[in-house]
Visitor: 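Structure below; questions to follow.
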Protein chains: 2
Amino acid sequence: MDESPRYRPLYQQVYDVLVKQIAAGEWGPGESLPSEQALAGRLNVSQGTVRKALDALAADNLIDRRQGKGTYVAEHTQERALFRFFRMARPGGGRALPTSTGETLKRRAARPADAAKLALEPGAEVYELNRVRLIDGEPAVLEKIVLPAALFAGFERFERHDTLPNALYALYQREYGLNIVSAQEELRADTARKDDCRRLKLAPGASLLHIDRVAISLEGTRVEWRASRCDTSRFVYAVTLS
Amino acid sequence: MDESPRYRPLYQQVYDVLVKQIAAGEWGPGESLPSEQALAGRLNVSQGTVRKALDALAADNLIDRRQGKGTYVAEHTQERALFRFFRMARPGGGRALPTSTGETLKRRAARPADAAKLALEPGAEVYELNRVRLIDGEPAVLEKIVLPAALFAGFERFERHDTLPNALYALYQREYGLNIVSAQEELRADTARKDDCRRLKLAPGASLLHIDRVAISLEGTRVEWRASRCDTSRFVYAVTLS
DNA sequence: GAGTGGTCTAGACCACGCA
DNA sequence: GCGTGGTCTAGACCACTCT
């Protein structure tokens with residue numbers, strides 16, 4: 001390991017190197033990294049230092065470590081990604097599993113709100129995906145998903161043949177090499193508009209939960225803005241603070 | 001260290017021992033623990049094992065470690081506790097600082113809803129504290145706080161002389177030895193009732209954000225149920241998922 | 001300078017998955 | 001039985017804080 005001008009612990013340098021290699025696709029989602037010994041040899045540090053870097057990567061959900069097997073690049077699978085970022089649950093605890101329907105996709109110029117949320121340049125284009133998410137077969141959430149066209153070239157091809165999966169982040173990862181590692185959410189209460197009432201089967205004037213989410217990739221890029229409007233009469237937004 | 005019947009790593013056993021000692025008040029909030037060397041000697045394990053346990057305690061926010069100084073029992077200070085559990089913020093990022101006013105306190109029998117949230121026995125009593133929280137001097141949140149009377153003996157004495165601090169968790173810790181380490185929150189949208197409108201200065205029929213929080217102590221006890229009704233026209237509930 | 005936590009190393013052994 | 005990650009140890013040295 002070369003030392004950088006200002007001091008940075010060795011294990012953090014190893015962490016950075018591995019993040020870059022994962023981001024560059026050196027090992028694809030679900031693939032295994034070299035063993036601790038092999039990495040230590042390649043990077044010319046001790047196994048203990050590599051271990052500390054790998055432990056940090058595992059804590060940040062970038063890799064999976066399995067005793068006796070090896071270390072794997074974390075994958076956004078159906079169950080995993082859904083439970084990680086989809087926070088709607090039954091009151092009292094039980095998790096709720098959503099399905100999706102009624103997708104519509106269009107490409108358009110970015111509006112000021114899009115540019116602000118996604119840090120876009122003037123004149124940028126975006127894809128806008130709208131869909132309804134069902135829980136127990138009943139409409140529960142309206143989602144508007146905005147993606148920078150520059151990052152999602154040719155996204156139209158996923159509209160046909162119902163190829164849009166329920167968990168989009170697996171698709172971002174697999175098709176575009178964009179690993180979503182965190183999301184900033186802002187929640188507020190809002191009053192249902194006519195369109196909300198029609199699509200969610202709400203009474204006029206009902207209250208609903210509006211969530212703005214900006215999803216951040218491994219490299220720190222704002223990859224997605226998702227506005228969700230949720231009927232919270234049957235399900236709640238559940239989160240644990242610690 | 002004695003080994004337990006079923007296998008548990010040494011450093012986790014050390015973790016458990018230290019949690020118990022902190023919970024028992026062996027070292028009070030803000031006080032320093034013995035040095036790593038001293039703990040290693042006392043528990044008859046290596047310094048590295050103690051270090052791993054202390055790192056885990058620090059990750060769980062139970063202790064603070066300061067290089068060159070020592071290891072301290074984490075304290076619920078004003079700024080810290082407020083930012084940790086109070087999630088209201090200005091849209092786009094800036095944090096919001098609340099103040100409190102209009103406290104009223106009463107002692108009463110627990111109702112079914114209280115018993116369910118706090119896992120109380122039939123016939124238990126609770127304290128109910130109501131207050132308004134202001135942001136920038138304007139009412140923004142109505143809070144109803146329910147505490148098991150069994151855990152908070154003589155809580156009435158804090159009602160007089162405006163002795164109720166803005167950050168209650170510091171008081172729970174200092175006066176009752178109850179360390180709040182996590183909180184489970186459930187959010188939903190609701191329509192403002194007459195009383196909400198009056199106290200929050202809302203228009204009739206406005207939507208507001210209802211938050212049910214159950215706070216959990218170091219020992220795993222449900223210590224507090226807090227129902228907050230928030231005006232989200234100026235501020236939002238902000239959370240980062242990762 | 002003394003004492004603390006933070007980093008880094010080297011090596012032994014354990015628990016697990018698989019062939 | 002081999003290779004993997006997980007635990008535990010011992011010791012050297014570094015960075016920080018206070019006296």
Side-chain angles (χ1 to χ4, degrees), chain A residues 1-19 21-22 26-28 30-75, chain B residues 1-19 21-22 26-28 30-75:
Chain A
M1 298 297 304
D2 294 348
E3 60 273 24
S4 44
R6 61 162 179 66
Y7 176 71
R8 195 135 214 265
L10 252 188
Y11 74 92
Q12 286 185 25
Q13 297 178 42
V14 172
Y15 179 100
D16 295 342
V17 167
L18 293 175
V19 166
Q21 295 195 354
I22 293 172
E26 174 97 14
W27 312 285
E31 285 179 24
S32 75
L33 275 65
S35 73
E36 294 180 354
Q37 286 288 5
L39 285 172
R42 175 197 295 192
L43 299 171
N44 199 28
V45 299
S46 78
Q47 188 184 356
T49 301
V50 169
R51 170 179 298 280
K52 195 156 180 181
L54 290 175
D55 284 345
L57 286 165
D60 292 346
N61 289 309
L62 301 184
I63 60 173
D64 284 335
R65 317 197 69 192
R66 291 178 225 153
Q67 185 174 163
K69 295 194 69 178
T71 304
Y72 301 83
V73 177
E75 218 170 349
Chain B
M1 297 294 304
D2 294 349
E3 59 273 26
S4 44
R6 64 162 176 65
Y7 176 72
R8 196 134 211 265
L10 251 188
Y11 73 93
Q12 287 184 26
Q13 297 178 42
V14 173
Y15 179 100
D16 295 342
V17 167
L18 293 175
V19 166
Q21 296 195 354
I22 293 173
E26 174 96 15
W27 312 285
E31 285 179 24
S32 75
L33 276 65
S35 72
E36 295 180 353
Q37 287 288 7
L39 285 172
R42 175 196 298 191
L43 300 170
N44 200 26
V45 299
S46 78
Q47 189 184 359
T49 300
V50 169
R51 170 178 297 281
K52 195 157 181 181
L54 291 174
D55 284 344
L57 287 165
D60 292 346
N61 289 309
L62 301 184
I63 60 174
D64 284 335
R65 316 196 69 191
R66 292 177 224 154
Q67 184 174 161
K69 296 194 68 176
T71 304
Y72 300 82
V73 177
E75 216 169 350

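The sequence lines fix the lettering, A, B, ..., with proteins before strands; numbering per chain opens at 1.
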Visitor: Identify whether any heavy atom of B:Arg51 sits under 4.0 Å from a base atom; if not, whether one sits that close to sugar-phosphate; answer base, sugar-phosphate or nothing.
Guide: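 Base, at least one base atom sits under 4.0 Å.
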Visitor: How long is the line joining CD of B:Glu36 and C1' of C:dT7, in whole Å?
Guide: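 Computing the B:Glu36:CD to C:dT7:C1' distance gives 12 Å.
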Visitor: B:Thr71 side chain: which of C:dG5, C:dT7, D:dC8 is closest?
Guide: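 So the nucleotide nearest the side chain must be C:dG5.
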Visitor: Would you mind reading off the distance between A:Arg65 atom CZ and C:dG17 atom P, rounded to a whole angstrom?
Guide: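 The answer, rounded to whole Å, is 15 Å.
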Visitor: Return the value, rounded to whole Å, for the distance between atom CZ of B:Arg66 and atom P of D:dT17.
Guide: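 Atom-to-atom, B:Arg66 to D:dT17, this comes out as 11 Å.
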Visitor: For B:Leu33 and C:dT4, give me the distance from atom CG to atom C1', rounded to whole Å.
Guide: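 Spelled out: CG on B:Leu33 to C1' on C:dT4 is 13 Å.
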Visitor: Can you see if the side chain of B:Thr49 gets near the phosphate of D:dT7 - specifically, an N or O under 4.0 Å from OP1 or OP2?
Guide: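 It does not, given that no N or O in the side chain of B:Thr49 lies less than 4.0 Å from OP1 or OP2 of D:dT7.
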Visitor: When the distance from CG of A:Asp55 to P of D:dG5 is rounded to whole Å, what number comes out?
Guide: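 Roughly 11 Å, once rounded to whole Å.
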Visitor: Picking from A:Glu31, A:Arg66, A:Arg65, what satisfies side-chain contact (heavy atoms from CB on, under 4.5 Å) with A:Tyr72?
Guide: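 So, applying the side-chain contact (heavy atoms from CB on, under 4.5 Å) to A:Tyr72 and each of A:Glu31, A:Arg66, A:Arg65, only A:Arg66 qualifies.
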Visitor: In whole Å, what is the span from the CD atom of B:Gln67 to the P atom of C:dT7?
Guide: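 Interatomic distance, CD of B:Gln67 to P of C:dT7: 7 Å.
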Visitor: Without decimals, in angstroms, what is the distance between A:Asp64 CG and D:dG5 P?
Guide: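 Rounding to the nearest Å, CG of A:Asp64 and P of D:dG5 are 13 Å apart.
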Visitor: Using whole Å, report how far OH of B:Tyr7 lies from P of C:dC14.
Guide: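 Roughly 10 Å, once rounded to whole Å.
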Visitor: Can you tell me which nucleotide in D:dG5, D:dC18, D:dT9 comes closest to the side chain of B:Lys69?
Guide: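 The closest nucleotide is D:dC18.
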Visitor: From A:Leu62 CG over to A:Thr71 OG1, what is the distance, rounded to the nearest 0.5 angstrom?
Guide: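 Interatomic distance, A:Leu62 CG to A:Thr71 OG1, rounded to 0.5 Å: 12.5 Å.
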Visitor: If you restrict it to nitrogen or oxygen atoms, what contacts under 3.5 Å exist between nucleotides 10-13 of chain D and the protein, and what is each distance?
Guide:
none

Visitor: Quick one, B:Asp16 and B:Arg8 - any side-chain contact, counting heavy atoms below 4.5 Å?
Guide: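 They are in contact (side-chain heavy atoms under 4.5 Å apart), so the answer is yes.
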